[in-house]
Amino acid sequence: MPQDLTDIHNQASDAMAEGDTKKAIELYNEILTVAPADEIALGQLMDLYFETDKFQYYLMRANYNVVNQKFEHAINDTKKALNIDPNSIDARIKLARLYRVSNKNLKAIDEFNKIIELAPETKESYLELIDLYTLEDAKESAVGISRKASEQFPDDIGFKNVVAKLYYDLGSYEEALKFVTDKNLKVKILLSNGQNEEAKAVLDEMKPQIKEEKAAYKLLLAEYFYNKDNFNESLSAIDDYINLQGPNAVSFQMKALCYEGLGDEFMAAVNFGYMKKAQNKNDEAIVEFNHAHSLNKKDKNVLIELANLYMNLGEKYTAMDFWNAVYELDNDSHAKEVLGNFYFKEGDYRMAEKYGKFKEGKAVPDAQNKAYTEAEEEDEGLIEKIISFFTKKK
């Protein structure tokens with residue numbers, strides 16, 4: 001415990017010993033502002049409030065149960081506090097959040113709606129309610145609350161963009177355009193609505209101002225070129241995006257769509273494979289890479305991707321088939337090492353020899369002979385014993 005907190009604990013303890021309950025309460029609450037999970041402070045406050053303030057007592061007991069991961073007990077304690085003061089916004093927010101962490105989203109929604117009715121100025125409640133409706137796939141309800149928030153806080157452009165994004169997700173592009181102020185989002189809405197030239201005009205306005213947002217700009221530019229069927233320009237913009245942001249599922253998906261537009265089925269399949277891999281959907285990635293492999297049996301990168309994916313899925317012998325295909329392409333040294341080590345560990349010494357893996361580095365040219373010196377020594381010892389047995393004097 002930090003020295004400052006230790007000092008406050010000592011002061012609070014002294015205040016209790018002197019019977020100064022008010023000062024002790026102030027000091028223990030001061031501790032909780034720095035260390036909300038301090039069980040000693042929570043326990044002492046429970047004792048102090050028990051006789052003087054039952055509302056605060058139940059809230060402290062709720063906090064104590066939260067610290068100990070007893071959420072159902074914390075919910076019950078908070079309800080008891082609300083029975084004493086049903087208009088307490090702090091207690092209602094606590095109850096709503098307890099419902100949420102307990103995966104009782106519908107009850108959390110009810111509580112946040114009550115909070116907004118009682119205290120429409122609590123901005124965080126709107127945000128949490130919008131998020132909950134979105135999690136429950138009730139986007140129309142999320143739109144209603146976000147519009148209500150936008151009316152309650154007319155100077156907060158954040159809520160306007162929340163409304164626009166929700167309408168965009170619902171495919172209501174004309175409604176989204178009535179609210180949007182964020183230029184990146186506006187371009188996405190315009191492009192999705194088929195207003196390509198309007199989107200390009202906004203992009204041209206943005207270009208001189210782009211700094212940290214260069215990557216987002218490039219992605220929007222790629223989408224514009226894609227909508228115009230200018231797939232090569234779109235691919236160039238995506239490559240610029242990747243150079244700034246690094247590859248991700250979105251960039252691979254867009255490249256795949258561009259290659260589809262160009263009629264390049266192989267490269268489309270490859271990029272769909274990378275997209276699925278970036279999404280950690282390895283089974284689906286294998287399907288895409290196998291499709292690419294069926295179109296081009298000699299592509300080394302595809303063979304390596306399949307080998308690694310099958311190995312990650314535990315299909316090791318299938319993985320070795322693909323590593324063997326890599327090795328046969330150009331005697332790849334890494335593939336050879338992988339194959340040799342794999343078969344050596346499996347105890348398949350003949351296959352290990354094929355890829356140059358021998359014990360103590362000693363290869364035996366005759367495949368019928370034993371591959372290891374120990375085995376040879378054991379055989380020689382056995383022959384000597386047999387000769388000795390048959391030459392033994394009777």
Side-chain angles (χ1 to χ4, degrees), residues 33 36 82 85-101 105-221 223-224 245:
T33 60
L82 282 167
D85 182 2
N87 294 320
S88 171
I89 300 305
D90 288 341
R92 288 212 173 272
I93 290 173
K94 182 187 291 293
L95 182 59
R97 288 174 177 167
L98 282 167
Y99 279 137
R100 181 162 186 175
V101 298
N105 288 350
L106 296 181
K107 289 187 175 183
I109 285 170
D110 286 343
E111 286 303 321
F112 278 121
N113 273 310
K114 289 175 187 175
I115 293 163
I116 287 170
E117 288 175 15
L118 289 168
E121 72 280 0
T122 54
K123 189 179 290 188
E124 296 80 6
S125 295
Y126 290 95
L127 293 169
E128 295 202 47
L129 192 50
I130 292 165
D131 190 41
L132 281 163
Y133 276 130
T134 304
L135 285 171
E136 291 298 309
D137 201 26
K139 289 183 180 175
E140 294 287 355
S141 297
V143 167
I145 291 297
S146 62
R147 290 191 64 157
K148 195 172 183 178
S150 183
E151 292 166 7
Q152 179 68 32
F153 307 100
D155 297 329
D156 190 327
I157 62 171
F159 278 118
K160 294 184 188 299
N161 288 314
V162 169
V163 178
K165 178 65 167 61
L166 288 165
Y167 273 127
Y168 170 72
D169 291 341
L170 288 168
S172 302
Y173 304 128
E174 294 295 336
E175 287 298 315
L177 287 169
K178 293 176 184 177
F179 290 91
V180 68
T181 63
D182 179 80
K183 288 186 177 180
N184 284 336
L185 181 56
K186 187 174 184 178
V187 171
K188 287 183 73 67
I189 296 167
L190 288 167
L191 289 170
S192 297
N193 203 35
Q195 296 174 256
N196 297 318
E197 296 314 313
E198 291 89 338
K200 184 62 165 62
V202 178
L203 281 169
D204 289 343
E205 289 174 15
M206 291 166 61
K207 190 174 180 180
Q209 304 165 23
I210 298 299
K211 291 180 182 176
E212 295 83 6
E213 296 182 353
K214 279 185 180 179
Y217 170 78
K218 291 294 183 181
L219 202 60
L220 291 169
L221 194 61
E223 191 174 346
Y224 164 74
Q245 187 74 19

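FYI, the numbering just counts along the sequence from 1. This is a predicted model, so every value here is computed, not measured.
- In this structure, Ile189 and Tyr173 approach most closely via the heavy-atom pair CG2-O, 3.7 Å.
- In plain terms, the two heavy atoms of Phe153 and Pro120 that are nearest each other are CZ-O, 3.8 Å.
- If you take NZ on Lys165 and OG on Ser146, they are separated by 12.0 Å, rounding to the nearest 0.5 Å.
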Q: Let me see the working for Ile116 and Lys148 under side-chain contact (heavy atoms from CB on, under 4.5 Å), right down to the final yes or no.
A: CA-CA 10 Å; Ile116 287 170; Lys148 195 172 183 178; 4.3 Å; yes

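- The distance from atom CG of Asp90 to atom CG of Asn87, rounded to the nearest 0.5 Å, is 12.5 Å.
- To the nearest 0.5 angstrom, Arg92 atom CZ is 12.0 Å from Thr122 atom OG1.
- At least one side-chain heavy atom of Ile130 sits under 4.5 Å from a side-chain heavy atom of Phe159.
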Q: For salt bridge (charged side-chain N to carboxylate O under 4.0 Å, His left out), just list the numbers for Lys186 and Asp182, CA-CA rounded to whole Å, side-chain angles, deciding distance to a tenth of an Å, and then say yes or no.
A: CA-CA 6 Å; Lys186 187 174 184 178; Asp182 179 80; over 6 Å; no

Q: Apply side-chain contact (heavy atoms from CB on, under 4.5 Å) to Asn113 and Ile145, showing your working.
A: CA-CA 9 Å; Asn113 273 310; Ile145 291 297; 3.9 Å; yes

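- Arg97 is listed as a side-chain neighbour of Phe112, based on a closest heavy-atom distance under 4.5 Å.
- Asn105 places none of its side-chain heavy atoms less than 4.5 Å from the side chain of Tyr99.
- Annotation: side chain of Leu219 is not in contact with side chain of Gln245 (no heavy-atom distance under 4.5 Å).
- For the side-chain contact (heavy atoms from CB on, under 4.5 Å) criterion with Leu203, the lone passing option out of Val187, Leu191, Asn184 is Val187.
- Here the side chains of Lys123 and Glu128 are not in contact, with every heavy-atom distance at 4.5 Å or above.
- Thr134 approaches Leu166 most closely through the heavy-atom pair OG1-CD2, 4.1 Å.
- Contact of the Asp131 side chain with the Arg100 side chain is registered, since non-hydrogen atoms from C-beta on lie closer than 4.5 Å.
- In this structure, the side chains of Asn196 and Lys200 stay at 4.5 Å or more apart for every pair of heavy atoms.
- If you take CG on Leu82 and NZ on Lys114, they are separated by 8.5 Å, rounding to the nearest 0.5 Å.
- Heavy-atom minimum distance, Lys160 versus Pro154: CE-O, 3.7 Å.
- Atom CG of Leu118 has more than 12 neighbouring heavy atoms from other residues, nucleotides or ligands inside a 6.0 Å radius.
- In this structure Lys139 satisfies the side-chain hydrogen bond (donor to acceptor under 3.5 Å, both in side chains) test with no other residue, sequence neighbours excluded.
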Q: Would you sort out whether Glu175 and Arg147 count as a side-chain contact (heavy atoms from CB on, under 4.5 Å), showing the intermediate values?
A: CA-CA 11 Å; Glu175 287 298 315; Arg147 290 191 64 157; 4.1 Å; yes

(Q) Before you tell me yes or no, could you show the steps for Phe179 and Asn161 under side-chain contact (heavy atoms from CB on, under 4.5 Å), namely the whole-Å CA-CA distance, both residues' side-chain angles and the distance that decides it to 0.1 Å? (A) CA-CA 6 Å; Phe179 290 91; Asn161 288 314; over 6 Å; no

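- Here OH of Tyr167 is found 8.0 Å from NZ of Lys178. Values are rounded to the nearest 0.5 Å.
- In terms of heavy-atom proximity, Ala108 sits nearest to Ala96 at CB-O, 3.4 Å.
- Atom-to-atom distance recorded for Glu121:CD and Gln152:CD is 7.5 Å, nearest 0.5 angstrom.
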